[in-house]
2 protein chains.
Amino acid sequence: MYLRALTGLAEGGTTTCSSEELAATAGVNSAKLRKDLSYLGSYGTRGVGYDVEYLRYQIAREIGVTQDWPVVIVGIGNLGHALANYSGFRSRGFRVVALLDADPDRHDEVVAGLDVRSFEDLEAIVKEDAVSIGVIATPAVAAQSVADRMVAAGITSILNFAPTVLTVPDGVDVRKVDLSIELQILAYHEQRKSIAPGSEVVS
Amino acid sequence: MYLRALTGLAEGGTTTCSSEELAATAGVNSAKLRKDLSYLGSYGTRGVGYDVEYLRYQIAREIGVTQDWPVVIVGIGNLGHALANYSGFRSRGFRVVALLDADPDRHDEVVAGLDVRSFEDLEAIVKEDAVSIGVIATPAVAAQSVADRMVAAGITSILNFAPTVLTVPDGVDVRKVDLSIELQILAYHEQRKSIAPGSEVVS
DNA sequence: AGGAGTTTGTGAACGGGAGAACAAAACGGC
DNA sequence: GCCGTTTTGTTCTCCCGTTCACAAACTCCT
Ligand SMILES: NC(=O)c1ccc[n+]([C@@H]2O[C@H](COP(=O)([O-])OP(=O)(O)OC[C@H]3O[C@@H](n4cnc5c(N)ncnc54)[C@H](O)[C@@H]3O)[C@@H](O)[C@H]2O)c1
Ligand SMILES: NC(=O)c1ccc[n+]([C@@H]2O[C@H](COP(=O)([O-])OP(=O)(O)OC[C@H]3O[C@@H](n4cnc5c(N)ncnc54)[C@H](O)[C@@H]3O)[C@@H](O)[C@H]2O)c1
């Protein structure tokens, strides 16, 4: 979040900013921001603030997005198409190297300049491009088996859009994006608003 | 998450389950699950477990998804199309009532059986269908103004896909889904794996 | 009917994140 | 060169979510 805020400030021409400004831009408390940044090192100057470009680079380096990360997307349906066409990943340090789908009818397609390839090609692609991050956008029933294949092929980080709990070995990271649950959380608060007006809070 | 796990168990024919089973299905600790459920009431039976269907209904009622929530999606680009076509929302208590876009060229389109309408229709739709939940899938630059319009129209819950911090009045809930940040978190752990092998953890 | 075996519900301990507050450091003006 | 001002880095405290552990409650078998 800080990285994004800093990029925004840099684009706006700001060269220096205080923790207060940056915190406001990122939508967090300034004390928390300072503490977070202090874990990376002392990149600020007391009485002055932070150099936007310098701090941006330091955070990018810490996260590891100064290099480009190759990514494969599996399941080129509704969501897979949107992800493949999304330009924002590219500009944030990620490069989609392959689109895979189990359905042979999809293999004719070209999406975002990439051929949709057979899921069978997974191992070869992972090996060739040294891919360590995989995105799962298949139906829920297929997600676990896709994850297993990914892990076997050498992928060690998975972003899962299917509404399932994935089981993976130690050493493999999984993050899930669950849109239905997001909506349900909103619905819950919404329901409470109509029952007890004037009592609202959100994370 | 529990709701989803229970639905899965019910579809699999399970009528009764222990906190241990349910926790395993949902991917959490069983003590946490029991404590969470205890906030809703004492719906279990000691020595037996929980009645799947009964508990499922109780959680759905608590969340507020026994009724259908009308939802509007603004920004029918790559992501908006995917969301509009997604059938999973419908089955989880949400009904997309309108698709809005500022681009007149999009207004000819029919997506998922719905006309893409002008953003100007927002107020009328919100009033007519008593919409309280809005989804923002526009570019980041437009997100804040769309949010303002939504709030003015009477929407009090927003799901935001644009990579921006939204500012809204008290009483309005915002949740954001930020895919780039998810990937960056994975990249960070990935980088650390290659530096210090054998030290990994994920949320 | 009673005891053994299960499983829930919850009190207590633990851990960690978030914010308030302040000392240390840098800058600028005189 | 010194003092006031600004802002960072960090300590301390508070609070909340998570987990452990166990008594209470229920079932089933004898
Ligand atoms: N579309 C959305 O907006 C949305 C929203 C929330 C969650 N999701 C979830 O994302 C996932 C994808 O959604 P979608 O709408 O794109 O579905 P979809 O049905 O449009 O696409 C799924 C794709 O996965 C492919 N596939 C199926 N099994 C496969 C396998 N074993 N290996 C490789 N590819 C396989 C199918 O051929 C298809 O192209 C689903 O789990 C869905 O629940 C989607
Ligand atoms: N596509 C993805 O997979 C993806 C992934 C992560 C984040 N996002 C974010 O989601 C948002 C949408 O992404 P996308 O790829 O669908 O973009 P897109 O450009 O394909 O679609 C954006 C749509 O919003 C419409 N729009 C623009 N201004 C508007 C306004 N003021 N009011 C109403 N509609 C307006 C445009 O006409 C267009 O149809 C972006 O903020 C993007 O950063 C997308």
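Chain letters run A, B, ... following the sequence lines, proteins first and then strands; every chain starts at 1. Remember, predicted model here, so these are calculated numbers, not experimental data.
Between A/G47 and B/G47, the residue anchored closer to the 5' end of DNA chain D is A/G47, taking for each the nucleotide with the nearest heavy atom.
The aromatic ring centres of A/Y54 and A/Y57 sit 6.0 Å or more apart.
Proximity of residues 2-24 of chain A to DNA chain D (heavy atom under 4.0 angstrom from any strand atom) is restricted to A/S18, A/S19. Contact check of residues 52-62 of chain B against DNA chain D (heavy atom, cut-off under 4.0 Å) returns no residues at all. Taking every heavy atom of residues 25-46 of chain B and every atom of DNA chain D, pairs under 4.0 Å involve B/N29, B/A31, B/K32, B/R34, B/K35, B/T45, B/R46, by number.
The minimum heavy-atom distance between B/G75 and B/T138, with the atom names listed, is CA-CG2, 3.7 Å. When all heavy atoms are compared, the tightest approach of B/V116 to B/R106 is CB-O, 3.3 Å.
Side-chain contact check for B/Y188 versus A/D173: every heavy-atom pair is 4.5 Å or farther apart. Using a 4.5 Å cut-off on side-chain heavy atoms (C-beta onward), A/N160 and A/V177 make no contact. Inter-residue side-chain proximity for A/Y2 and A/L55 is flagged as unmet; no heavy-atom pair is nearer than 4.5 Å.
Extent of DNA chain D lying under 4.0 Å from chain B heavy atoms, first and last nucleotide in 5' to 3' order, is D/dT18 to D/dT27. Protein chain B contacts DNA chain C over a range whose 5' and 3' limits, counting nucleotides with an atom under 4.0 angstrom from a non-hydrogen atom, are C/dT6 to C/dA12.
Partners of A/D121 under the side-chain hydrogen bond (donor to acceptor under 3.5 Å, both in side chains) rule, at least two apart in sequence or in another chain, are A/R117. Partners of B/S19 by side-chain contact (heavy atoms from CB on, under 4.5 Å), not counting sequence neighbours, listed by chain and number: B/S30, B/L33, B/R34, B/Y50. Annotation: side-chain hydrogen bond (donor to acceptor under 3.5 Å, both in side chains) contacts of A/D101 (sequence neighbours excluded): none.
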Original post:
Is there a salt bridge (Lys or Arg N to Asp or Glu O under 4.0 Å) between B/R56 and B/D51 once you walk through the steps?
Top reply: CA-CA 8 Å; B/R56 203 195 62 71; B/D51 181 285; over 6 Å; no
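For the residue pair A/H81 and A/E109, a side-chain donor N or O sits within less than 3.5 Å of a side-chain acceptor on the partner. In the model, A/T15 has no side-chain atom that pairs as donor or acceptor with a side-chain atom of A/E53 under 3.5 Å.
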Check: residues 67-74 of chain B side-chain donor-acceptor pairs under 3.5 Å, at least two apart:
unit_1, atom_1, unit_2, atom_2, d
B/W69, NE1, B/G64, O, 2.6

Enumerate, atom names and distances included, each donor-acceptor pair closer than 3.5 Å involving a side-chain atom of residues 123-135 of chain A, sequence neighbours excluded.
unit_1, atom_1, unit_2, atom_2, d
A/E123, OE2, A/R149, NE, 2.8

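With hydrogens and angles ignored, the 3.5 Å screen pairs a side-chain donor or acceptor of B/S118 with a backbone N or O of B/E120. A donor-acceptor pair under 3.5 Å is formed between the side chain of B/Q144 and the backbone N or O of B/T167.
Among pairs with a residue in residues 36-49 of chain A, those fulfilling salt bridge (charged side-chain N to carboxylate O under 4.0 Å, His left out) read A/K32-A/D36, at least two apart in sequence or across chains.
Between its opening and closing five pairs, the helix from C/dA1-D/dT30 to C/dC30-D/dG1 changes axis direction by 0°, a value rounded to 10 degrees.
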